Structure formats: structure tokens, C-alpha cells
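Predicted model, so just to flag it, every value in this text is computed and none were measured. Chain naming here is simple, since letters A, B, ... match the order of the sequence lines and numbering starts at 1 in each.
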2 protein chains.
Amino acid sequence: MTNADQVLDALGDRTRRAVFARVQRGARSVQEIADGMDVSRPAVSQHLKVLKAARLVTDRAEGTRRLYAVDPTGIAAVRDWLDGFWDEALVAFKAAAEQEAVKERKRR
Amino acid sequence: MTNADQVLDALGDRTRRAVFARVQRGARSVQEIADGMDVSRPAVSQHLKVLKAARLVTDRAEGTRRLYAVDPTGIAAVRDWLDGFWDEALVAFKAAAEQEAVKERKRR
DNA sequence: ACTTACGGTAAGTGATGACTAACGCTGACC
DNA sequence: GGTCAGCGTTAGTCATCACTTACCGTAAGT
């Protein structure tokens with residue numbers, strides 16, 4: 001399982017995307033992240049575990065609190081993965097469009 | 001639910017990613033896509049439905065067959081979504097790194 | 001009209017995974 | 001040492017969803 005796979009699986013959940021968004025907006029401790037969300041703190045903790053495994057966030061201890069921050073690594077992984085699809089998709093799309101144009105011409 | 005949400009939900013499944021990859025590699029009909037995969041043809045059909053809703057693929061009828069092709073729209077949507085995170089993540093990351101550097105300096 | 005190939009859909013089942021409640025651990029403060 | 005706050009983890013439940021089987025509609029060939 002590549003890192004891109006992990007990231008896509010991680011971001012495949014709506015709640016987890018919300019957690020990730022809150023971390024990115026500057027939320028630090030698990031409590032702060034969970035506050036205002038409609039899921040319990042342990043749930044957030046589990047989501048953070050998945051996000052961390054996907055290299056989307058990093059954590060570090062500060063006293064009894066645990067501060068989370070965004071990790072660009074995971075984002076870079078999907079980004080690269082997507083770019084690959086993007087390029088090949090564009091090529092295929094252009095080819096298909098031209099194919100269509102040829103057919104269109106033949107019809108007349 | 002935005003298009004980016006749909007795409008991320010769609011790509012959150014491993015099998016669906018495989019289907020998408022096969023379409024992108026040039027597979028056209030549902031049969032061709034299903035051949036060699038370890039799931040049945042109806043399963044592939046359902047996955048294609050989700051991918052289509054997320055604007056990741058397009059379909060068009062040709063006789064009794066239905067040809068699928070990659071649709072760049074959905075990819076563009078996640079790409080934009082990711083780019084937003086990417087930029088802000090970099091900023092936050094740099095800030096954090098500098099914060100760390102400051103602390104490091106103070107320690108000495 | 002009959003048959004065959006192709007594919008979408010409905011219904012039902014099974015498995016994955018998201019969530020909560022309860023517990024245990026650690027660091028800070030008294 | 002005792003207490004409290006902050007988190008991770010476990011066990012167990014519940015819901016979501018991926019998958020299969022069976023069925024039906026449609027287009028092409030005979």
C-alpha cells in the first residue's frame with residue numbers, strides 16, 4: 001500500500017476531512033479539535049491516528065497535551081498521484097475529443 | 001456536498017481506484033474493465049456509477065455496449081481542493097519550523 | 001420473431017469501519 | 001502521595017457500503 005493509497009483512504013471519510021481541516025486551521029490539542037464537532041474526543045483521537053499513519057499530520061507531546069500539526073508529506077503524495085492521472089487523463093481526453101471530431105467530420 | 005467531496009469519497013475505495021485506473025489505461029466497455037478483476041461485472045457497474053457521479057468518468061452508448069472514458073472534471077476538483085490545503089499547509093509548516101528554530105536557539 | 005451479447009438495477013447478505021463508553025496511563029499542580 | 005486534566009486504547013455496537021445473485025431492458029444479428 002503506497003502512501004497515496006493511505007492518504008486517499010484517510011481522506012475518504014467526511015468526518016476525518018473535518019478533523020484534518022480543523023488541524024490545518026490551527027487547532028492544536030485533541031480537545032480543541034473535538035470541541036464543536038459532533039463526535040466524541042476518542043473518535044477524533046482515532047481519526048488523528050489514521051491521519052498520522054497517512055502522513056497528513058504530525059504530533060508532538062507538550063506536557064500532558066498532544067499538539068497536532070499538518071504534515072505536507074501526505075498531501076504531496078496524493079498530489080503526485082493525481083498529477084499522474086491528470087496528465088494521462090488530459091492526453092486521453094484530447095485523443096477522445098479528436099476522435100469525436102473525426103467522426104463528426106465523417107458524418108457530414 | 002461539493003464535487004471535491006464526491007471525488008474523495010469515490011477514490012476512498014481501493015477497488016474503485018482500480019476501476020478508475022483501468023478506465024484510464026484505455027479500457028472501454030464494462031466487460032473489458034471487469035475482466036481480470038476479482039469482482040463481478042455488476043460490482044464494476046456500481047463503481048462506475050459512483051465514479052460518474054463524481055465526474056471522474058463519462059459514458060456513452062455504442063450499440064449495446066457502453067463505453068467509459070476519463071473525465072478530467074473530477075480530477076480538477078480535487079486538485080484545486082488539494083492545492084488550497086497545500087498552500088496553507090506549507091505556510092503553517094514553515095511557521096512551525098521557524099517556531100522550532102527559535103526554540104532551538106533559545107535552548108543554547 | 002428469436003436469440004445472444006451487454007449492461008444497469010433490485011434485493012439481500014456480509015464485512016468493513018466509525019462511533020461510544022469505560023478504562024488506564026502520564027504529566028502537572030497542590 | 002493525592003488529585004486532576006489530557007489522551008490513547010480497548011471492547012462492543014451499529015451503520016454504512018461493497019458485493020453477489022437474479023432479473024429486466026435494449027440493441028444487433030440471424
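- Rounded to an integer number of Å, the gap from CD of Q46(B) to C1' of dC6(C) is 16 Å.
- Considering only the side chain of R65(A), dG6(D) comes nearest among dA21(C), dC6(C), dG6(D).
- For V39(A), whose side chain is taken as the heavy atoms from C-beta onward, the closest listed nucleotide among dC7(D), dG7(C), dC19(C) is dC19(C).
- Residue H47(B) places no side-chain N or O under 4.0 Å from the OP1 or OP2 atom of dC17(D).
- The nearest heavy atom of DNA chain D to R41(B) and to D13(B) marks one nucleotide each, and the one closer to the 5' end goes with D13(B).
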Practice prompt. Quick one: do W81(B) and V7(B) satisfy side-chain contact (heavy atoms from CB on, under 4.5 Å)? Show the steps, please.
Written response: CA-CA 10 Å; W81(B) 186 84; V7(B) 175; over 6 Å; no

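- Judged by distance alone with a 3.5 Å cut-off, no donor-acceptor contact links the side chain of R66(A) to the base of dG27(C).
- Relative to the side chain of P42(A), the nucleotides dT9(C), dT9(D), dG8(C) differ in distance, and dT9(D) lies closest.
- Contact check, T15(A) against dC19(C): a side-chain N or O comes under 4.0 Å of OP1 or OP2.
- Phosphate proximity of dT9(C) to K49(B): present, with a side-chain N or O under 4.0 Å from OP1 or OP2.
- The shortest distance between the side-chain N/O atoms of S40(A) and the OP1/OP2 oxygens of dC19(C) is not below 4.0 Å.
- Formation of a donor-acceptor pair under 3.5 Å by the E32(A) side chain with backbone atoms of R28(A) is found in this model.
- The salt bridge (Lys or Arg N to Asp or Glu O under 4.0 Å) test with D9(B) singles out one residue from R14(A), R16(A), R17(A), and that residue is R17(A).
- Rounding to the nearest 0.5 Å gives a distance of 5.0 Å between CG of L11(A) and CG of L56(A).
- Checking the phosphate oxygens (OP1, OP2) of dA18(C), a side-chain nitrogen or oxygen of R16(A) falls inside 4.0 Å.
- Nearest to the side-chain atoms of T64(B) among the listed nucleotides dG8(D), dC6(C), dC19(D) stands dC6(C).
- Here S45(B) does not reach the OP1 or OP2 of dT9(C): none of its side-chain N or O atoms lies under 4.0 Å away.
- In R66(A), the CZ atom is crowded: over 12 heavy atoms of neighbouring residues, nucleotides or ligands sit closer than 6.0 Å.
- Side-chain nitrogen and oxygen atoms of Y68(B) include none within less than 4.0 Å of the OP1 or OP2 phosphate oxygen of dC6(C).
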